[in-house]
Amino acid sequence: MKEKQEQIVMRISFWSGVVFALAELIMAIFSKSQSVLADTVYDSTELVVIGLTIYIIPLFYKPVTEKHPFGYAQLESIVILLKGFMFIAVMMALIMNNVQIMLNGGNDIDHMQVSLFETILTCFSALILLILMRINKKVTSPTVDVEIYGWKIDVFSSIGVSLAFFQSSFLGHTPLSCISPYFDQIVAIVLALGMMKEPIQMIGESFRSLMLLSPDEKEVAKIKSISSSVLDNYPYDPVFYDITTTGRKMWISIYFTTRIDMMSYTELEVANRELKIALQEEYEDCFVELVPNVLANKEE
């Protein structure tokens, strides 16, 4: 069920992206706007990755096996990493292209026309975003989260570009009229720089996942807090947390000492089950195990 819902989200995003990219391409050719072209290239690049993601989503739901101890979770991290590097490469190329246009004297366009187009784009982007967010309430997935974040960026960037071009349409009658030929390139460069924040974050998180590193300190503190609230009811004292994340999956091993001489295996199983339920409310795809005294004995 989750797999189907995730594919629905990605397919809606893909076909909506196709329509948006075509509309932006037509507008970019018609208006000769570098800002609209930046949006077109960004959206087209994203379509390639979304198409690849739709194809491999079924692999994310395959169970862990001896041959694949982490399942195919790392494949998701590789796709997100690829997406991040592709975005950065595309945005850098767009920035260099616009700098070159500015050095050659800029480019005059119909600012009001671009503003109206971006306003229409904002309305449709917001509609798609609301649809995806509604479906996403039933799906927990890094891939879907990244996709929805991308649509949020589209909405806010379209609003910003629309307002900027609306205001710039009055530059011709002011002392700032000399900026008019360069305004489109300036907006395109600012837009490209703003879009680079997301892929840089993607790359950082994907590298952590591929290296099987623990999550950031905030997440570790949350895991410890949830675990402590459960283990306080048992004679177990956590001494070390071994937390590994890769893709959407998380493995949590909690090494502990006991305050009693005899440990009940049944009680340990109950504690492990309760701990798993508590942590899976926050981290759906996590595996939890309580490991008695192993690490403490090694340190002694």
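- Applying the salt bridge (Lys or Arg N to Asp or Glu O under 4.0 Å) test to D242 and every residue at least two apart in sequence or in another chain returns nothing.
- Side-chain atoms of S13 never come within 3.5 Å of backbone atoms of V9 as a donor-acceptor pair (strictly under, hydrogens ignored).
- Using the six-membered ring where Trp is involved, Y255 and F240 have ring planes that are tilted, between 30° and 60° apart.
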* side-chain contact (heavy atoms from CB on, under 4.5 Å) assessment of L275 paired with I252 -> CA-CA 10 Å; L275 188 62; I252 305 171; over 6 Å; no
* Step-by-step side-chain contact (heavy atoms from CB on, under 4.5 Å) determination, L22 to V18 -> CA-CA 6 Å; L22 287 173; V18 169; 4.1 Å; yes
* To do: Could you give me the CA-CA distance, side-chain angles and deciding distance for D237 and F256, then say whether side-chain contact (heavy atoms from CB on, under 4.5 Å) is met?
  => CA-CA 5 Å; D237 298 318; F256 67 92; 5.8 Å; no
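- Proximity of M250 to I223: side-chain heavy atoms (C-beta onward) are separated by under 4.5 Å at one or more points.
- One distance of note links CG of L127 with CG of L132; it measures 9.5 Å at 0.5 Å rounding.
- Looking at residues two or more places apart in sequence or on another chain, you find a salt bridge (Lys or Arg N to Asp or Glu O under 4.0 Å) between K222 and E282.
- Every residue was checked against the side-chain hydrogen bond (donor to acceptor under 3.5 Å, both in side chains) condition with S229, not counting sequence neighbours, and none meets it.
- Grouping Ile, Leu, Val, Met, Phe, Trp and Tyr by side-chain contacts under 4.5 Å, direct or through others, leaves M96 on its own.
- Applying the 6.0 Å contact sphere to CZ of F124 captures no more than 12 heavy atoms from other residues, nucleotides or ligands.
- The two atoms that bring E274 and N233 nearest to each other are OE2-ND2, 4.1 Å, heavy atoms only.
- A search for side chain to side chain contact (heavy atoms under 4.5 Å, CB included) contacts involving L130 returns nothing, not counting sequence neighbours.
- When the side chain to side chain contact (heavy atoms under 4.5 Å, CB included) test is applied to S16, the partners found at least two apart in sequence or on another chain are I12, I128, W151.
- In this structure, the side chain of T122 engages the main chain of E118 through a donor-acceptor pair within 3.5 Å.
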* Would you check, one step at a time, whether the test side-chain contact (heavy atoms from CB on, under 4.5 Å) holds for E219 with I243? => CA-CA 10 Å; E219 292 300 322; I243 306 170; over 6 Å; no
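- Taking hydrophobic clusters as Ile, Leu, Val, Met, Phe, Trp and Tyr residues chained together by side-chain heavy-atom distances below 4.5 Å, L116 does not share a cluster with L25.
- Between E289 and S253, the shortest heavy-atom contact is OE2-OG, 2.7 Å.
- For the atom pair CD of Q280 and CZ of F287, the computed distance is 8.5 Å after rounding to the nearest 0.5 Å.
- Scanning all heavy atoms of the two residues, the minimum distance from T40 to A21 falls at CG2-O, 3.8 Å.
- To the nearest 0.5 Å, atom CD1 of residue I254 and atom CG of residue N272 are 8.0 Å apart.
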